[in-house]
Amino acid sequence: MAVAKSIKRKGIKGDGTWGYIFIAVSLLVFAMFTAYPVVSAFIISLQKYKPLGSTYVGFDNYVSSLKDGLFWQAMKNTLVYTVLTVPVNLFLSMAIAVLILPLRKKTQSFFKGIYYLPVVASGVALSVVWLWIFDPLEGGILNQLIHFFGFENQNWLGSSKTAMFSLVLMSWMSSHGTSIIIYLAGLLGIDDTYYEAAEIDGANFLQKLWHIVVPSLKPATLFLLVTGVIGSFQVFQNAYLMTGGGPNNATTMVGLLIFNNAFTYFEFGKAAAQSLILAVIIAVISVIQFKYAGKDVEY
């Protein structure tokens with residue numbers, strides 16, 4: 001009996017060792033490209049960092065960041081951008097997926113490819129196209145469109161009144177590829193018997209949508225909500241390429257502010273501190289989302 005227990009324990013121990021061996025590469029990649037950069041950023045955030053000889057300043061970089069009006073302006077801009085883009089993008093993605101679902105497989109594949117194309121296209125190329133759309137002169141596509149309705153030219157990216165809306169509109173029009181694919185996968189996983197039972201009870205299209213589709217897609221919606229908020233809080237490329245954070249810091253996002261502090265003003269310690277503050281904020285928001293939006297979600 002004792003021998004059997006000993007052999008069993010040794011077998012479990014051996015299985016555990018093999019498990020660690022199989023995940024060793026993943027652990028190594030995580031340690032090199034996630035854990036080490038985070039620890040390094042925290043160490044840099046406690047210094048007045050210089051390539052040759054840094055000075056320890058404790059939490060001064062955190063204090064100065066939290067007292068910096070521009071940092072809070074950037075946080076406000078990022079929050080506004082997130083609130084305006086994430087819910088609308090989720091709604092549009094679900095609506096498009098519902099419209100694509102009844103089509104034939106080849107037609108579905110065509111539309112999935114069309115909507116997914118901006119995801120794989122170069123961000124710089126897309127920004128050049130949108131710069132043409134937002135051209136403040138009469139040749140700009142958007143200005144030509146509003147001329148049709150009798151409005152005057154707008155300096156879309158050069159005015160603090162319209163610059164943020166321009167970035168939001170860009171997100172509305174080009175950020176659905178991944179979400180549509182995920183929603184379509186969720187829709188294909190819904191059993192047809194639910195629809196058949198609803199039809200027997202006399203449910204119309206909207207009732208089926210609200211009582212069957214929306215609840216069934218809750219896991220996908222929660223995933224896309226969390227990742228969408230994280231992505232919006234980390235937005236950098238659109239603001240950097242389209243407006244540079246202007247005019248008057250109207251589109252300065254936290255990611256762009258951190259980039260400028262690090263690579264324009266060479267305040268690496270302050271940039272590291274702000275990046276870790278942003279990481280904590282994102283983590284807190286993600287926990288709140290899982291707590292309140294994911295309590296009745298089954299995986």
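Here the structure is a predicted model, which means the values were calculated and not measured.
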Exercise. Salt bridge (Lys or Arg N to Asp or Glu O under 4.0 Å) with K218: which residues, sequence neighbours excluded?
Worked result: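 Applying salt bridge (Lys or Arg N to Asp or Glu O under 4.0 Å) to K218 gives D296.
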
Exercise. Who pairs with K76 by salt bridge (Lys or Arg N to Asp or Glu O under 4.0 Å), at least two apart in sequence or on another chain?
Worked result: none

Problem set entry | Given S174, S232, S171, the one that forms side chain to side chain donor-acceptor pair (under 3.5 Å) with N89 |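 Checked S174, S232, S171 against N89; only one passes side chain to side chain donor-acceptor pair (under 3.5 Å): S171.
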
Donor-acceptor pair, distance only, cut-off 3.5 Å: does the side chain of [X] make one with the backbone of [Y]?
X: S166; Y: W156; answer: yes
X: E267; Y: N261; answer: no
X: S45; Y: G269; answer: no
X: N155; Y: G158; answer: yes
X: S64; Y: N61; answer: yes
X: T78; Y: V254; answer: yes
X: Q154; Y: N143; answer: no
X: W72; Y: L66; answer: yes
X: S40; Y: Y36; answer: no
X: D135; Y: I141; answer: no

Exercise. Taking the six-membered ring for Trp, are F59 and Y62 parallel (under 30°), tilted (30 to 60°) or perpendicular (over 60°)?
Worked result: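 Because their plane-to-plane angle lies in the 30° to 60° range, the rings of F59 and Y62 count as tilted.
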
Problem set entry | Ring geometry between W172 and F165 (parallel below 30°, tilted from 30 to 60°, perpendicular above 60°) | perpendicular

Problem set entry | Side-chain heavy atoms of V213 within contact of Y195, under 4.5 Å | yes

Problem set entry | Counterpart residues, side-chain hydrogen bond (donor to acceptor under 3.5 Å, both in side chains), relative to N260 (two or more places apart) |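 For N260 there are no side-chain hydrogen bond (donor to acceptor under 3.5 Å, both in side chains) partners, ignoring immediate neighbours.
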
Exercise. Which is it for T243 and T251 under the side-chain hydrogen bond (donor to acceptor under 3.5 Å, both in side chains) test, yes or no, and what are the steps along the way?
Worked result: CA-CA 7 Å; T243 63; T251 58; 2.6 Å; yes

Seminar exercise, completed: Only one of L278, V280, I285 passes side-chain contact (heavy atoms from CB on, under 4.5 Å) with I282, and that residue is L278

